[in-house]
Visitor: 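Before I ask anything, let me first share the structure, which is written out below as structure tokens.
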Protein chains: 2
Amino acid sequence: MLQNPENCAVVRTVGYIGGKWKPIILIRLLNGGKVRFGKLAVQMPDISRKILSQQLKELEEDGLILRYSYMEKPPRVEYELSESGKTLIPVLKAMYDWGIQMEDPATRGTWDPIVK
Amino acid sequence: MLQNPENCAVVRTVGYIGGKWKPIILIRLLNGGKVRFGKLAVQMPDISRKILSQQLKELEEDGLILRYSYMEKPPRVEYELSESGKTLIPVLKAMYDWGIQMEDPATRGTWDPIVK
DNA sequence: CTCATTAGTTACTTATATGTTACCAGTTAA
DNA sequence: TTAACTGGTAACATATAAGTAACTAATGAG
């Protein structure tokens, strides 16, 4: 995880949810319910499956998501926000709102998975 | 800055304030007023002056802080949160509170520049 | 004259994050 | 019997972030 020499709580939070992909993964799981690995991969075309797998494993190790693996062939694995992960919702909301404010109107995207 | 292929607002926010040092710098400037470069350097013993300088420049280029350079020798430079930077306060607060929740009690630090 | 002062920069090195490609296993359908 | 399905992993390559050491310039103090 991100180094944190001064043991700053904000840096710690960045370590848990920062980076290029973790916010997107978390937002995909925000609406609740289990989501399959393959569905996440389809929803995020630009992330490689290796990185997706790696990020999911880190989120699971950090206790933010739960992983359900069914012993079937072909395999089926589902992910879901944990109780601890749900406490992130107001944090993600604050970061999301601020990021919207800072968005260049000319480059404005339509990507808005936080719908409610 | 951090790549953001899906143009996600949360990732954008991480790009502005993420990393190992930016949260700490911003928190140091939260209480308002101008702070000299050297004072920041003393308050953050583990950051090299080169990196501190670089991070301050990025924050300034992003419009989050203001830089006042007085033409004196030896030089004097002061930094201050901009109006745009002040809009970060609720975001940092949310991230700070969450980070405190996640802190391992055994490793609990005493570092708490958000005093009020 | 010489040294300390301040806020940097330049060149170079190391660490961390992210990415590409190829490969695997057990079952079902063609 | 051959291919497709799924959720990975291993080996390798690159990109970004962070760190180190040496150096600069104008003035004042000793």
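Proteins get letters first, then strands, A, B, ... in listed order; numbering begins at 1 in each.
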Visitor: Roughly, in whole Å, what's the span from CD1 in B:I47 to P in D:dA17?
Guide: 14 Å
Visitor: Nearest-Å distance, CD (B:Q3) to P (D:dT14)?
Guide: 16 Å
Visitor: Over how many whole Å does the gap from B:I24 atom CD1 to D:dA18 atom P extend?
Guide: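 To the nearest whole Å, that distance equals 11 Å.
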Visitor: For B:S48, what residues pass the side chain to side chain contact (heavy atoms under 4.5 Å, CB included) criterion, not counting sequence neighbours?
Guide: B:K50, B:I51
Visitor: Do the side chain of B:T13 and the main chain of A:W98 share a donor and acceptor less than 3.5 angstrom apart?
Guide: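 No.
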Visitor: Could you check whether any side-chain heavy atom of A:M44 comes within less than 4.5 Å of a side-chain heavy atom of B:P5, counting everything from C-beta outward?
Guide: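 They are not in side-chain contact.
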Visitor: Is the phosphate of D:dG19 approached by B:K20 (side-chain N or O, under 4.0 Å from OP1 or OP2)?
Guide: yes
Visitor: Under 4.0 Å between a side-chain N/O of A:Y79 and OP1 or OP2 of D:dG8, yes or no?
Guide: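 For D:dG8, OP1 or OP2 has a side-chain N or O of A:Y79 closer than 4.0 Å.
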Visitor: Which residue pairs satisfy the side-chain hydrogen bond (donor to acceptor under 3.5 Å, both in side chains) criterion with at least one member in residues 68-80 of chain B, sequence neighbours excluded?
Guide: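 Sorted result for residues 68-80 of chain B: B:R67-B:Y79, B:Y68-B:E80, B:Y70-B:E78, B:E72-B:R76, B:R76-B:E78.
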Visitor: Does B:W21 make a side-chain N or O approach to OP1 or OP2 of D:dG19 shorter than 4.0 Å?
Guide: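 So the side chain of B:W21 is within the cut-off, an N or O lying under 4.0 Å from OP1 or OP2 of D:dG19.
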Visitor: Nearest whole Å is fine: how far is D:dA15 C1' from B:L2 CG?
Guide: 12 Å
Visitor: Just how far, in rounded Å, is C1' of D:dA22 from CZ of B:R49?
Guide: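 After rounding, the gap between these two atoms is 15 Å.
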Visitor: Give me the atom names and distance for the closest heavy-atom approach of B:E6 to A:P45.
Guide: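 Scanning both residues, the minimum pair turns out to be OE2-CD, 4.1 Å.
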Visitor: Heavy atoms only, 4.0 Å cut-off, all strands: where does A:E72 land among base, sugar-phosphate and nothing?
Guide: nothing
Visitor: Quick check: closest heavy atoms across A:P23 and A:G18, and the distance to 0.1 Å?
Guide: CD-O, 4.2 Å
Visitor: About how many Å separate CG of B:L59 and CG of B:L81, when rounded to the nearest 0.5 Å?
Guide: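 Taking CG in B:L81 and CG in B:L59, the distance rounds to 9.0 Å.
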Visitor: Below 4.0 Å from chain A heavy atoms, what is the first contacting nucleotide of DNA chain C and what is the last?
Guide: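 Span of nucleotides near chain A: C:dT16 to C:dT27.
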Visitor: What heavy-atom pair brings B:A94 and A:A94 nearest, and what distance separates the two atoms?
Guide: CB-CB, 4.2 Å
Visitor: Before giving the answer on salt bridge (charged side-chain N to carboxylate O under 4.0 Å, His left out), spell out for B:E60 and B:K57 the whole-Å C-alpha distance, their side-chain angles and the decisive distance to 0.1 Å.
Guide: CA-CA 5 Å; B:E60 191 209 354; B:K57 184 189 270 185; over 6 Å; no
Visitor: In residues 50-69 of chain B, which residues come under 4.0 Å of DNA chain C by heavy atom?
Guide: B:K50, B:S53, B:K57, B:R67
Visitor: Check DNA chain D against residues 33-41 of chain A and give the residues with a non-hydrogen atom under 4.0 Å, in numerical order.
Guide: A:R36, A:F37, A:G38
Visitor: Expressed as a whole number of angstroms, how long is the span from B:K73:NZ to D:dA26:C1'?
Guide: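 These atoms are roughly 5 Å apart.
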Visitor: A:L66 and A:L26: same hydrophobic cluster, using ILVMFWY side-chain contacts below 4.5 Å?
Guide: no
Visitor: Which residues satisfy the side chain to side chain contact (heavy atoms under 4.5 Å, CB included) test with B:N4, sequence neighbours excluded?
Guide: B:N7, B:C8, B:V11, B:R12
Visitor: In whole angstrom, what separates B:I25's CD1 from D:dA18's C1'?
Guide: 12 Å
